[in-house]
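Since the model is a prediction, treat every value here as computed from it, not as a measurement.
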Amino acid sequence: MVKWNDQSGRFIKGSAFLDVKKAFGWKNDVLMVQIADEAQPQVLELREAVDRDCVVEPLGFEDEKAREALRHTASHVLAQAVKRLFPGTRLGIGPAIEDGFYYDFDTEHRFSQEDLADIEKEMKRIVKQNLPITREIMSREEARRVFEEAGEPYKVELIDELPEGEQISIYRQGEFFDLCAGPHVPYTGYLKAFKLLSVAGAYWRGDENRPMLQRIYGTSFMDKEALDAHLARLEEIKRRDHRRLGRELGLFSIEEEGGPGLVYWHPKGAMVREVIENFWKEEHRKRGYEIVYTPHIAKLDLWKVSGHWDWYSQNMYSPMDVDDAKYLLKPMNCPFHILIYKGKTRSYRDLPIKYGELGTVYRYERSGVLHGMLRVRGFTQDDAHVFCRPDQLEEQLVEVLDLAEFMLKTFGYDEYYCMLSVRDPENKESYIGDDEIWEQAEAALENALKAKNLDYQVDVGEAKFYGPAIDINIKDTMGRMWQGPTIQADLNLPERFDIHYIGEDGQKHRPVMIHRTVLGAMERFIGGLIEHYAGAFPMWLSPVQIRVMPVSDKHSDYAKVVAEHLEKQGLRTECDLGQDKIGYKIRQAQLEKVPYMIIVGDKEKQAGNISVRHRSLGDLGPMGLDEFASKAKHEVSSKSLESVFAQS
RNA sequence: GCCAGCGUAGCUCAGUUGGCAGAGCAACUGAUUUGUAAUCAGUAGGUCGUCGGUUCGAAUCCGUCCGCUGGCUCCA
């Protein structure tokens with residue numbers, strides 16, 4: 001019996017939401033409800049009942065909590081199906097994640113792709129049965145007993161680790177039950193569209209000393225259309241994969257004979273990199289950085305002083321013998337920049353000193369984590385270190401944030417999120433440096449973010465032992481997050497290397513050091529750019545900007561004249577003098593994602609002009625060579641992300 | 001590193017219960033002289049990732065190593 005006291009949806013204590021739902025004619029796209037007329041809106045499962053007079057609002061898939069409830073239920077249905085098909089399977093955990101859900105299983109059986117299809121079928125059966133999902137509160141002892149009897153050791157472990165006073169609940173649907181805090185949708189029939197995607201190994205609780213479980217990933221949506229759209233997006237991501245585009249576009253390769261995680265930049269990829277590096281250097285010089293170059297190896301002792309030998313040796317390549325000393329390949333550039341700083345006495349008037357380097361470093365990465373250009377063993381960081389007085393710290397941080405923002409905007413990353421990593425105040429002893437310096441540094445970082453008017457999230461305990469940091473995550477065109485600029489205050493190295501400057505008072509003072517990178521690494525950044533642009537680099541970055549193609553042999557000479565003219569003006573131009581028909585040449589240029597195609601035949605030769613085609617705008621018709629050249633040059637110099645012809 | 005899957009021509013992929021290694025694209029040669037996403041014909045191209053085993057016979061079955069893919073963990 002539904003009770004409400006007026007048509008506005010105010011319900012009286014005791015109404016069950018499922019009845020409310022029926023009374024209002026809500027469909028199954030209502031997954032949860034929210035009690036709206038409270039100071040703190042409360043989100044509740046449909047299973048529940050109102051315990052007070054209130055106004056309830058429906059929550060659908062677009063609501064994060066409701067979406068998670070649906071996907072969490074999907075993971076339970078997955079687990080139920082697996083337990084039906086593979087009895088004796090022990091359950092790990094099965095949460096909702098950003099784009100779907102997973103469940104971890106422990107069984108002798110090895111899940112295959114075919115199994116996924118069978119499991120999906122069984123899941124559909126469970127959905128069709130439309131089992132009611134119920135919740136039960138248990139004492140710790142009772143829950144332990146239930147899961148011990150059920151032969152679920154992982155669940156027992158979870159129960160044992162639940163904090164004192166935590167309410168322990170289990171959810172049931174048919175014969176299946178699971179330790180779970182919820183929330184869930186009320187019936188398995190609420191699942192409309194789901195798909196199992198992959199199976200992968202995952203250590204129990206992420207700990208490599210513990211058993212390896214099998215994780216099944218899946219996703220679910222409200223309807224088939226939304227699911228299909230998501231699957232299409234996954235396809236699109238695959239299509240944009242930088243490893244595939246990198247090969248197809250002749251940008252880079254990784255050679256089995258040379259070793260994993262080591263990148264070979266082919267001429268076109270190298271061109272993209274060169275353009276970015278030149279831009280980077282120019283921009284840094286403008287902002288008061290001095291560019292330096294430092295060696296690739298250094299004596300082991302240097303790495304002992306820096307602390308890398310103690311803290312980072314797992315990621316460093318083994319020492320090599322040179323004469324009577326041991327040398328190490330550098331995993332970072334910082335100690336080198338400090339040595340340059342240390343090379344002479346610095347005055348407070350000299351500061352800030354800003355050394356920038358596109359420094360190639362080598363880090364040993366475990367073989368399983370290597371991934372194209374995004375995760376490699378040798379890479380070039382766009383590194384820089386700012387040495388400044390403590391009173392300059394904040395203004396220097398603002399400058400770095402400013403540069404980072406400028407760089408991201410230039411490459412078309414318009415959405416980004418800042419994170420401020422600070423130390424764990426409960427655990428001060430695991431950080432180097434005294435309280436006062438930490439507080440100062442953390443305040444400076446936070447003030448810089450505020451000064452730049454940036455939203456940020458504070459991550460307590462995420463700071464490295466040597467100082468707090470700002471990390472900026474960037475979102476690409478596919479909505480994926482990438483690690484972007486990182487800005488790290490370093491309270492450790494100045495100490496270790498005992499660097500100083502002479503202050504106004506004639507005394508030695510300790511400078512503060514900022515370690516920062518705005519692009520990250522050339523490999524990772526350009527790998528990300530390839531996916532961001534789907535291989536179609538904006539004009540200023542395109543390795544080939546223009547391709548001139550004669551309609552037939554008769555027009556080759558004219559084509560060469562045109563190409564030479566453009567080349568002379570600094571536009572990267574190629575001529576396609578092949579015997580193929582013009583349609584074929586265009587197709588080739590399209591596939592190579594060349595921004596502009598210039599077609600010349602009888603008409604153009606006679607008129608002394610050119611026909612222009614843009615890779616995404618198509619045929620732009622005839623125009624004068626000079627007109628085109630000046631527009632093209634403008635597109636390059638402005639680093640425009642779209643064609644100058646896009647608006648007209 | 002660990003778990004699972006994969007490795008056949010430059011690329012994308014066929015290859016049945018173990019029985020002579022294939023196609024399309026690319027390359028090369030020739031013909032064609034072309035008007036906005038593929039002209040036609042021909043030629044060449046492979047130690048079937050590696051090493052070992054089983055077998056009369058292995059791309060195929062088994063093992064080893066190398067590499068790749070998806071994850072776990074970490075990070076630029």
Side-chain angles (χ1 to χ4, degrees), chain A residues 92 102 104 106 109-113 115 197-217 238 241 243-244 247-248 250 253-261 312 314-315 331-333 359-361 363-383 464 471 482-486 488 515-525 527-528 549-556 578-592 597-604 611-615 617-622:
Chain A
Y102 68 79
D104 286 345
D106 183 16
H109 178 78
R110 297 292 163 223
F111 294 121
S112 65
Q113 281 298 317
D115 290 334
L197 297 171
S198 61
V199 47
Y203 295 109
W204 169 238
R205 319 207 75 177
D207 182 344
E208 60 189 276
N209 298 311
R210 315 214 49 189
M212 172 74 68
L213 309 181
Q214 293 181 78
R215 175 172 298 178
I216 296 179
Y217 283 94
K238 231 163 136 186
D241 193 309
R243 292 166 298 185
R244 171 203 176 106
R247 187 184 56 241
E248 287 176 359
S253 67
I254 289 165
E255 300 296 331
E256 190 173 340
E257 288 157 286
Y312 206 70
Q314 281 214 324
N315 284 290
M332 293 186 192
N333 304 300
T360 303
V361 298
R363 298 182 188 173
Y364 173 74
E365 298 283 356
R366 301 206 287 182
S367 62
V369 304
L370 301 175
H371 180 90
M373 288 219 283
L374 302 182
R375 192 66 189 273
V376 293
R377 285 178 171 165
F379 56 95
T380 300
Q381 283 184 304
D382 74 302
D383 209 359
K464 302 276 162 43
D471 292 293
W482 299 75
Q483 182 169 327
T486 65
Q488 184 91 46
H515 175 118
R516 43 106 294 180
T517 158
V518 290
L519 307 180
M522 298 314 292
E523 287 75 9
R524 182 178 285 182
F525 186 73
M549 12 204 173
V551 171
S552 84
D553 277 355
K554 287 184 296 188
H555 318 108
S556 290
Q579 302 297 293
D580 306 286
K581 301 212 308 199
I582 195 66
Y584 185 82
K585 292 179 182 177
I586 288 167
R587 180 181 155 78
Q588 287 309 309
Q590 287 284 158
L591 292 175
E592 290 170 44
M597 289 156 263
I598 288 179
I599 289 126
V600 290
D602 285 334
K603 281 184 288 187
E604 290 77 13
S611 278
V612 179
R613 179 189 166 93
H614 183 262
R615 66 180 171 207
L617 301 172
D619 192 354
L620 298 172

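Within the nucleic acid shown, Glu365(A) comes within 4.0 Å of at least one base atom, counting heavy atoms only. Within the nucleic acid shown, Tyr203(A) comes within 4.0 Å of at least one base atom, counting heavy atoms only. Base contact: Asp602(A) has a heavy atom under 4.0 Å from a base atom. Using a 4.0 Å heavy-atom cutoff across all strands shown, Glu255(A) reaches no nucleic acid atom at all. Across all strands shown, Lys603(A) has heavy atoms under 4.0 Å from base atoms, whether or not it also approaches the sugar-phosphate. Ser112(A) comes within contact range of no nucleotide atom at all, as no heavy-atom separation falls under 4.0 Å. Looking at heavy-atom distances under 4.0 Å, Gly601(A) makes contact with a base. Heavy atoms of Gln579(A) sit under 4.0 angstrom from at least one base atom. Counting non-hydrogen atoms under 4.0 angstrom, Ile599(A) reaches a base of the nucleic acid. Residue contacts for Val361(A): at a heavy-atom cut-off of 4.0 Å it reaches no nucleic acid atom on any strand shown.
Taking the C1' atom of each, U69(B) and U43(B) are spaced 36 Å apart, rounded to whole Å. C11(B) and C51(B) have their C1' atoms separated by 28 Å, with the value rounded to a whole Å. Look at the P atom in both G46(B) and G22(B): the space between them is 13 Å, to the nearest Å. The C1' atoms of U8(B) and C68(B) are separated by 15 Å, rounded to the nearest whole Å. Between the C1' atoms of U32(B) and U47(B), the separation comes to 40 Å (whole Å). Between A38(B) and C25(B), the two P atoms lie 14 Å apart (nearest whole Å). Separating the C1' atom of G18(B) from that of U55(B) is a span of 9 Å, rounded to the nearest Å. A gap of 14 Å separates the C1' atoms of U16(B) and A59(B), to the nearest Å.
A donor N or O paired with an acceptor N or O is found under 3.5 Å between the base of C74(B) and the side-chain atoms of Arg375(A). Side chain Arg524(A) to base C75(B): a donor-acceptor pair is found below 3.5 Å. For Gln588(A) against A26(B), a side-chain-to-base donor-acceptor contact under 3.5 Å is absent.
Between His555(A) atom NE2 and U34(B) atom C1' there is a gap of 9 Å when expressed in whole angstrom units. Counting to the nearest Å, the C1' atom of U73(B) and the CG atom of Asn315(A) are 12 Å from each other. Between the CZ atom of Arg247(A) and the C1' atom of C25(B) there is a distance of 13 Å, rounded to whole Å. Note: CZ (Arg587(A)) to P (C25(B)) measures 11 Å, nearest angstrom. Put simply, CD on Glu257(A) is 20 Å from P on G7(B), counting in whole angstrom units. Regarding Lys585(A), its NZ atom lies at a distance of 11 Å from the P atom of G35(B), rounded to whole Å. Here the C1' atom of nucleotide A37(B) and the CE atom of Met549(A) are 10 Å apart, to the nearest Å. We find that CG of Asp580(A) is positioned 11 Å from P of C28(B), with the value rounded to whole Å.
A side-chain donor-acceptor contact under 3.5 Å links Arg377(A) to the backbone of Glu365(A). Listed for the Glu523(A) side chain is no donor-acceptor partner under 3.5 Å among the backbone atoms of Val376(A).
Ionic pairing of Arg613(A) and Asp619(A) is not present here: no N-O contact between side-chain nitrogen and carboxylate oxygen is shorter than 4.0 angstrom. Taking a cutoff of 4.0 Å between a charged side-chain nitrogen and a carboxylate oxygen, Arg243(A) and Glu248(A) do not qualify as a salt bridge.
Partner assigned to C2(B) is G71(B), using Watson-Crick or G-U wobble distances below 3.5 angstrom. For A76(B), there is no paired nucleotide, since no Watson-Crick or G-U wobble pair has both relevant distances below 3.5 Å. Using Watson-Crick or G-U wobble geometry with both donor-acceptor distances under 3.5 Å, U17(B) finds no partner in any strand shown. With a cut-off of 3.5 Å on both pairing distances, the Watson-Crick or G-U wobble partner of U39(B) is A31(B). When Watson-Crick and G-U wobble pairs are counted only if both distances are under 3.5 Å, G63(B) pairs with C51(B).
Proximity of Tyr312(A) to the phosphate of C75(B): no side-chain N or O atom is located under 4.0 Å from OP1 or OP2. Under 4.0 angstrom from either OP1 or OP2 of A76(B) there lies no side-chain N or O belonging to Gln381(A). The side chain of Tyr584(A) places no N or O atom within less than 4.0 Å of a non-bridging phosphate oxygen (OP1 or OP2) of C25(B).
Annotation: the span from Asp104(A) atom CG to Arg205(A) atom CZ amounts to 11.5 Å, rounded to 0.5 Å. Here the NE2-CE distance, from His515(A) to Met332(A), works out to 6.5 Å after rounding to the nearest 0.5 Å.
The side chain of Met212(A) has C3(B) as its nearest neighbour among G35(B), U33(B), C3(B). Residue Arg363(A) has its side chain nearest to A76(B) when only A26(B), A76(B), U73(B) are considered. Each of U36(B), C72(B), G35(B) was ranked by its minimum atom distance to the side chain of Arg215(A); first place goes to C72(B). Of the candidates C75(B), C72(B), G1(B), the closest approach to any side-chain atom of Ala202(A) belongs to C72(B). Of all nucleotides listed (A76(B), U36(B), G1(B)), G1(B) comes nearest to the side chain of Arg366(A). Nearest to the side chain of Arg110(A), among A76(B), G35(B), A4(B), sits A4(B).
Looking only at side-chain heavy atoms (C-beta outward), His109(A) and Asp115(A) come within less than 4.5 Å of each other.
For Gln314(A), the CD atom is loosely surrounded, since the number of other residues' heavy atoms within 6.0 Å does not exceed 12.
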field: Audit row: Met212(A), Trp204(A), side chain to side chain contact (heavy atoms under 4.5 Å, CB included) steps and yes/no
entry: CA-CA 6 Å; Met212(A) 172 74 68; Trp204(A) 169 238; over 6 Å; no
query: Glu592(A) and Arg587(A): salt bridge (charged side-chain N to carboxylate O under 4.0 Å, His left out), yes or no, with the steps?
result: CA-CA 9 Å; Glu592(A) 290 170 44; Arg587(A) 180 181 155 78; over 6 Å; no
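Remark: ring of Phe379(A) stacked against base of A76(B); centroid gap under 5.5 Å, plane tilt under 30°.
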- line: Protein heavy-atom contacts under 4.0 Å, written 5' to 3' over nucleotides 65-70 of chain B as B (base), S (sugar-phosphate only) or - (none), form the string -BSSSB
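Residues Phe111(A) and Ile586(A) both approach RNA chain B. Their nearest nucleotides, taken by heavy-atom distance, put Phe111(A) toward the 5′ side. Comparing Asp471(A) and Gly618(A), the nucleotide of RNA chain B nearest to each residue sits closer to the 5' end for Gly618(A).
Side chain to side chain, Ser611(A) and Glu604(A) meet the donor-acceptor criterion of an N or O pair below 3.5 Å. For Thr517(A) and Thr486(A), the side-chain atoms include no donor-acceptor pair closer than 3.5 Å.
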